[in-house]
Amino acid sequence: MNNRISKAFENKKAFIGFLTAGDPTFDASYNNIMALINAGADLVEIGIPFSDPIAEGPVIQEADVRALKAGMTTDRAFELAAKVRSQTDIPLVFMTYLNPVFKYGYDRFFAKCAEIGIDGLICPDMPFEEKAEADSIAKAHGISIISMIAPTSEERIKAIAESAEGFLYIVSSLGVTGVRSEIKTDLASIMESVKKYAHVPAAIGFGISTPEQAKKMSALADGVIVGSALVRLVAQYGENAAAEIGKTAKGLADGAHSC
Amino acid sequence: MAIGRYGDFGGQYIPETLMNEIHKLEEAYEHYKNDPEFIAELDKLNREYAGRPSLLYYAEKMTRDLGGAKIYFKREDLNHTGSHKINNVLGQCLLAKKMGKKRIIAETGAGQHGVAAATAAALMGLECEIFMGKEDTVRQALNVYRMELLGAKVNPVTTGTMTLKDAVNEAMRDWTTRVDDTLYVLGSVMGPHPFPMIVRDFQSVISKEARAQILEKEGKLPTAVMACVGGGSNAMGMFYNFINDKDVRLIGCEAAGRGVNTGETAATIATGTLGVFHGMKSLFCQNEYGQIAPVYSISAGLDYPGIGPEHAYLHSIGRAEYVPITDDEAVNAFEYIARTEGIICAIESAHAVAHLMKIAPAMKKDDIIICCLSGRGDKDVAAIARYRGIDLHE
């Protein structure tokens with residue numbers, strides 16, 4: 001059991017924010033992450049940019065391009081995360097694709113996570129069946145691999161939920177990440193079967209951008225995850241996005257916390 | 001070996017949203033591949049629509065001119081739509097129909113798989129959308145129009161390097177939005193299981209025919225079979241039924257672009273390292289942090305930073321050899337086979353021809369090489385002219 005992650009969900013719904021490391025620069029992304037935390041985020045996902053993010057919509061794809069162009073690497077992402085860790089006790093997880101982790105070396109990667117105080121890893125291209133090769137190494141270092149459940153998971157929910165670590169990432173909709181005006185999936189029934197089997201909290205992500213959506217989704221789950229709605233502010237405001245990110249995050253956090 | 005694994009290679013590294021669908025595909029395929037009705041339908045399509053069996057052609061002039069091994073070409077270029085890609089799309093689109101899908105999507109590099117997919121979709125009444133890197137839509141403008149004539153929608157992909165790998169990314173993204181009514185008809189022996197197996201099986205008709213044809217013509221097996229390799233579908237098709245014939249050399253020819261040491265290359269076996277990408281564990285051109293490298297080749301069909309997992313496996317156990325061929329060597333071979341045999345082959349296939357020209361002269365007269373001519377080269381004529389400095393407009 002990861003104490004920092006479970007604490008984020010204690011006595012309240014969690015607001016989880018995502019930002020890409022190094023987008024648009026190392027320093028600006030540090031400021032943005034701190035603004036997100038100061039606005040009330042209970043957990044932060046730090047994206048390690050990848051050249052070919054197949055689960056991302058255009059907003060986060062473009063963030064990856066900006067960050068890689070600005071020189072972000074896995075090692076620099078560790079430096080950034082360490083700097084954030086020195087300022088906060090909230091749980092921090094990395095979100096990236098399997099290849100950067102695999103190439104870095106599972107043992108080296110998770111050892112480094114443990115050393116600097118990263119609590120978990122989300123890899124959208126590492127489904128339940130392929131988790132084993134990384135999982136035992138992650139566990140040995142005390143790092144939770146966060147599993148995802150999608151609208152299409154159906155009878156897979158049981159196995160995924162039962163073995164879940166940290167928290168469960170409930171994908172709200174079909175398709176890739178990105179802002180959606182409406183979420184049509186029957187999340188109530190998905191959450192019902194998740195709750196039947198899971199020993200960890202579950203947060204809903206993909207498509208959430210407004211305080212109203214954050215409130216509505218929080219009512220169904222243990223928390224909400226917001227990415228594109230924050231990342232698009234970086235696209236809009238460049239190196240000076242921190243204030244806007246803080247403002248938007250505050251609204252989302254209040255929305256999530258209000259139920 | 002575990003299901004969907006070739007040694008350590010292969011697997012199913014894809015988003016959760018696609019997992020149930022890929023399992024359904026696996027089940028459907030395992031069922032229909034043994035279904036006599038499906039087999040008969042596909043066989044009929046292959047014979048009466050695609051024009052199979054393809055010829056095994058004895059290249060007498062090249063044999064004489066190169067002065068060594070006896071050279072045969074497996075003429076996949078003579079298939080309907082002009083390449084081996086038709087073998088796979090007829091199988092997969094038929095499968096899509098049986099699964100009740102209304103729509104197929106496909107990636108394409110040179111446009112050969114896109115044209116084949118659009119063709120099969122038109123024939124079988126399936127809606128079809130093609131994802132093609134914007135760079136490739138420019139290099140292969142004629143094929144774009146060809147796909148549109150066939151009723152497909154072509155989506156130019158403007159992300160990343162705007163080539164084949166980005167087209168695969170975009171097709172996968174699209175698939176996650178419409179898993180219920182859509183089948184992703186992958187064009188090569190790559191991606192998550194069961195695609196490498198399905199595509200290999202449908203392409204293995206190449207070596208099934210070639211093996212019987214050479215035994216009939218020569219009364220013995222060839223010394224070597226060879227093919228170009230991008231993702232590796234025509235090569236897997238050419239190799240498959242010879243894998244257990246231990247004395248038959250299997251040779252894959254990769255696109256070295258301007259050379260394996262120039263950084264402008266797509267030779268994955270020569271320059272790639274182990275990684276996990278596009279749903280599979282295999283070899284990829286990538287940097288030290290696992291970022292997928294931009295690759296380059298004159299051939300849009302070989303311009304891919306990875307290789308199918310079964311090829312990576314055959315390489316790892318030493319069963320198949322893989323060699324890099326530069327743009328220059330491929331263009332020379334393209335011109336040589338045109339002049340010598342009167343065959344304008346695809347620039348992709350010309351990579352295999354180039355290596356054939358290197359090894360045949362040193363072989364004995366009773367050695368036999370079968371080289372797969374995966375496609376015809378009409379689509380490449382303008383690009384070859386430009387390569388030679390001739391300002392030719394289509």
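Order of the sequence lines sets the chain letters (A, B, ...), proteins ahead of strands, with each chain counted from 1. These numbers come from the heavy atoms of this one structure, side chains and all, not from hydrogens, waters or symmetry mates.
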For chain B, find which of [options] contributes the most heavy-atom pairs closer than 4.5 angstrom.
options: A/M126, A/Q61, A/M148; answer: A/Q61
options: A/I149, A/T74, A/I160; answer: A/T74
options: A/L68, A/V171, A/V65; answer: A/L68

- Who are the ring-ring contact (aromatic ring centres under 6.0 Å, His included) partners of B/H113, not counting sequence neighbours?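 With sequence neighbours excluded, B/H113 shows a ring-ring contact (aromatic ring centres under 6.0 Å, His included) to no residue whatsoever.
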
- Considering residues at least two apart in sequence or located in another chain, which fulfil the ring-ring contact (aromatic ring centres under 6.0 Å, His included) criterion with A/F18?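 A/F18 satisfies ring-ring contact (aromatic ring centres under 6.0 Å, His included) with no residue once adjacent residues are dropped.
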
Is a salt bridge present between [X] and [Y], judged by a nitrogen-to-oxygen distance below 4.0 Å?
X: A/D64; Y: A/K69; result: no
X: A/K158; Y: A/E155; result: no
X: A/R76; Y: A/E79; result: yes

Given heavy-atom pairs under 4.5 angstrom as the criterion, report whether the side chain, backbone, both or neither of [X] touches chain B.
X: A/F102; value: side chain
X: A/P58; value: neither
X: A/E56; value: backbone

- Query: In terms of heavy-atom proximity below 4.5 Å to chain A, should B/T17 be classed as side chain, backbone, both, or neither?
  - Reply: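 Both backbone and side chain.
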
- Lys NZ or Arg CZ of A/K83 over A/Y30 ring: under 6.0 Å, within 45°: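 Yes, A/K83 and A/Y30 form such a contact.
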
- Item | Residues of residues 129-136 of chain A within contact distance of chain B, non-hydrogen under 4.5 Å |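 Against chain B, the residues of residues 129-136 of chain A that fall inside the cut-off (heavy atoms, under 4.5 Å) are A/E129, A/E130, A/E133.
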
- Look at the rings of A/F206 and A/Y169 and say which category their plane angle falls in: under 30° parallel, 30 to 60° tilted, over 60° perpendicular.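 The rings of A/F206 and A/Y169 stand perpendicular, inter-plane angle above 60°.
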
- Only pairs at least two apart or in different chains count here, so list each salt bridge (Lys or Arg N to Asp or Glu O under 4.0 Å) that has a residue in residues 97-109 of chain B.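 Sorted pair list: B/E21-B/K101, B/E41-B/K98, B/R103-B/E127, B/R103-B/E129, B/R103-B/D174.
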
- Task: Taking atom types as modelled, find out whether B/E170 and B/N155 have a side-chain donor-acceptor pair closer than 3.5 angstrom.
- Result: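 Checked: B/E170/B/N155 side chains show no N/O donor-acceptor pair below 3.5 Å.
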
